[in-house]
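Structure, as structure tokens:
Note on naming: letters A, B, ... go to the chains in the order of the sequence lines (proteins, then strands), and numbering restarts at 1 for each one. What you see below is based on every heavy atom in this structure, not just the backbone, and it leaves out hydrogens, waters and symmetry mates.
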Amino acid sequence: MLREYTGADENDSIRWTKVSEMMDGKPSFLRKSDWMVQSSKQKYIFLAFCLVPTFIMFCIFTLYPLFSGLYYSFFDWSGASANREFVGFDNYVRLFNDAIIPRTIIHDYFLVATKIIGIMIMALFFAVALTQLKIKEAPFYRIVFFFPNIMSVVVIGILWTFIYNPSMGLVNSGLEFLGLESLARPWLGSETWALPSLVLPSIWAGIGLFLLMLMGGISNISKSYYEAAEIDGATEWQQFWKVTLPLIWPQIKISVLYIIITTLNGSFILVQVMTGGGPNNATHVMGSYLYQQAFEQYNFGYGATIGVMILVLSLITVLFFQFLMRREKVEY
Amino acid sequence: MKRMNGKLLLLFIAMFMLAFVVACGGNGDTEEAGTDTDDTEDTEDTDGSSDDGGASDGDGEISGDLEIQYFVGGYGDSWWKEVISDFQEEYPDVNIIEHAGPNINEEMRSRWVANDPPDVVYIDGAGSSETQMVEDGQLMNLDEFVQDIELENGDALLDSFIVEPATYDGEIYSLPLVFDTWGTWYDRALFEEKGYEVPTDFESFMSSMEEIKEAEGIDPFVTSGQHPYYFLRGMLNPAFGAAGGDELLADVTTGAEGAWTSEPVVEIMEKVERMAQEGMFDSGLGALNHTQSQMNFLLHDNAFVPVGFWLPNEMANDIPEGFEFGFIPSPMQDPGEPYAIVPDLRPLAIAENAENPEAAKAFVEFVFTREYALSFSEHTGAIMNLTDVDLSQSDDVPVYLTEANEMINDPEQVQIYHMPHPMSADLEQPIGDALMSLMLGNSTAEEFVEAAEAAAANYRN
């Protein structure tokens, strides 16, 4: 369908001819000749029919909250009453003078970086293993790895809180069992270790989805490339670098962008459940700090300002990574 | 084709503008509506006060819908059910609508924002703040109304409160219903069995903790690190009261200049530093939430926990066999001085925009009786804020409560100190953060008071 549609840019009639060609064998009303000489009015009606409902939904559920957020960021408002006062850019001035904000940004990007590295390396490794190594239990592993994705993030957070529990948690008892008591520590209760401790559950919860995406990409690569490479004497490692990786680059790129977006916007759930941003702000990310300001300290206007900051930073980061990861499309 | 693109673009721009206008215009409308209702508020208020006499005289005129919002937490809701059904019998023409639950403050927030609040609100639990509600003008001024309220034996209500209502610029906006107080809990059975000393002042507290640490091999003290204000309210406020009375307590609560770096505060924070250095705090408390810290205490992972009277009722299903609750006011004072207590009050209030203020007033008046105060202690294991309630006459009141009640009423043992109003979250949060660092041993008392003074300066501005 896509090819026919692209054709429409050059000449409308071509498009409809091709569509009608495709419709051969379909009910006759779809092949009526008046489709060929479709008036522009009909075209607009059809386009409007496709676009307007979606666009209205988009306006109500995306644009309206977006602009409301922007609007509220100029107010001093507790978020709990009808009284609010316009304060201009005061909230933005406060944002730049708030010593906790830079820490939340650093924490967020720490999670972005560690998650990209951890998830991509492991997902790629597992994807290659499950598709190329002809493991009999591949479907089983696929389900196992995907399992965390169907669990609620809140459940994952609570589960890992128990795993990290200093006295009865799996991590510390495991270390003790191995005779490594000196390494046991109150993971989530330590200002130094709390943030790194959040990385593991984030990666664990994230692998499955990207594993499936990469596996889809890999299984689309024609076997003949590998056969040709093998005949040329390429090792498995070379095949991975020269054949697999370039051909699944689009999937990798989308995965990385997706990890960035979900982390910047969604990492606060895990933080909120596991540490509440503490101890002493050691794990606050932008989202959890927004929540604290808006709903615990009754500074809804300031919270909205933090929301605007998250939006701007997410946009900049995504654009930057798109630029960084641009590559010519590879076709063999 | 170009023409079509242009038209499409126009269409999109038009829609975009529409969305923008809707987004911003909508808010403008609500704001105007807000001011409109503000105007009507005043008239409604005067209506309310003039009807007030009628409301207290007889029950015939009270009718219509009465919406009551109450938070259900550690105290449960059985007491509320009893009171509300009694009220219904007394005033059959009133149609009572209850809004209750552990998340009710969040659930009702949109109603408050839309200026369509319930009539009566019990302010308690996460997501509620009396100070905030008064600042936002959401609560009715009860100054005149409260003067006329009498208890069942004719005592004036204003003279019968254990702790008087909070005032904002001298005006009363809420009536303190529940008298809770933070204190330090221990397992009486364990202490008796092992012969541990129940602390009477800070020095005996330290020696008791040292003994327990050695004998039991545990970190003796636990609190919720996710909510550092537990330690602030449960341990530090009584300490401030004991060291500097109501004046110091008011200064630290309002963030007065120099209060946090003053000598008595520094001395108290050095005590906390000592607790941290000697390993009295649970090493994992930084990540513990409310329930986990209380659970740790019940499981004997720790020996002391500072929380309010809600503890036994809230954890009723998890209490190990043989566990016996013991309660003392937090022992942060120097030897030879009485314990200090800073009450934590949960008030009942009427919304400024209540649709049925007469019924709301009738309900508030109905609730404040000594009979309900006794039944409150039976149902919840906590105390209602009325004097001269004889808790010992009922077998359903737990032992720790009768004891605590006696202790609180004996000025030689316990001094009661008052905060002018709860500390604002904007001050409590940064101080709590710095406090956490001190308790984890990552900063010193000196660094803490500097950070707290800076937070107070920030708050004042």
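Using a 4.0 Å cut-off between charged side-chain N and carboxylate O, A:Arg84 and A:Asp76 make no salt bridge.
Contact of B:Asp301 with chain A is made through the side chain alone, with heavy-atom distances under 4.5 Å. Residue B:Ser424: no heavy atom, backbone or side chain, is found under 4.5 Å from chain A. Using a 4.5 Å cut-off between heavy atoms, B:Glu428 does not touch chain A at all. Proximity to chain A (any heavy atom under 4.5 Å) is shown, for B:Leu285, by neither the backbone nor the side chain. Looking at A:Thr283, neither its backbone nor its side chain comes within 4.5 Å of chain B, counting heavy atoms on both sides. Looking at A:Trp77, the atoms closer than 4.5 Å to chain B (heavy atoms on both sides) all sit in the side chain, from C-beta outward. For chain A, the nearby part of B:Ala434 is the backbone; its heavy atoms alone come within less than 4.5 Å. Residue contact with chain B, scored on non-hydrogen atoms closer than 4.5 Å, involves the backbone and the side chain of A:Pro279 alike. For A:Asn165, no part sits under 4.5 Å from any heavy atom of chain B, backbone or side chain.
Interface check for chain B: of the options A:Gly276, A:Ala80, A:Pro166, A:Ser190, the most heavy-atom pairs under 4.5 Å are formed by A:Ala80. The choice from B:Gln138, B:Gln429, B:Glu135 that makes the most heavy-atom pairs within less than 4.5 Å of chain A is B:Gln429. Each of B:Gly127, B:Gly432, B:Pro430 has some count of heavy-atom pairs under 4.5 Å with chain A, and the biggest count is that of B:Gly127.
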Note to self: Pair A:Thr54, A:Phe58 - check side chain to side chain contact (heavy atoms under 4.5 Å, CB included), show working.
What the structure shows: CA-CA 6 Å; A:Thr54 326; A:Phe58 178 71; 5.7 Å; no
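Side chains of B:Asp426 and A:Tyr298: no donor on one and acceptor on the other come within 3.5 Å.
Using cut-offs of 30° and 60° on the angle between ring planes, the pair A:Trp187 and A:Tyr164 is tilted.
Between B:Arg233 and the options B:Tyr230, B:Tyr229, B:Phe231, a side chain to side chain contact (heavy atoms under 4.5 Å, CB included) holds for only B:Tyr229. Screening A:Tyr289, A:Tyr291, A:Phe268 for a ring pair (Phe, Tyr, Trp, His ring centres under 6.0 Å) involving A:His284 leaves a single residue, A:Tyr289.
In terms of the side-chain hydrogen bond (donor to acceptor under 3.5 Å, both in side chains) criterion, A:Ser202 has no residue partners (sequence neighbours excluded).
Here CG of A:Asn83 is found 12.5 Å from CZ of A:Phe75. Values are rounded to the nearest 0.5 Å.
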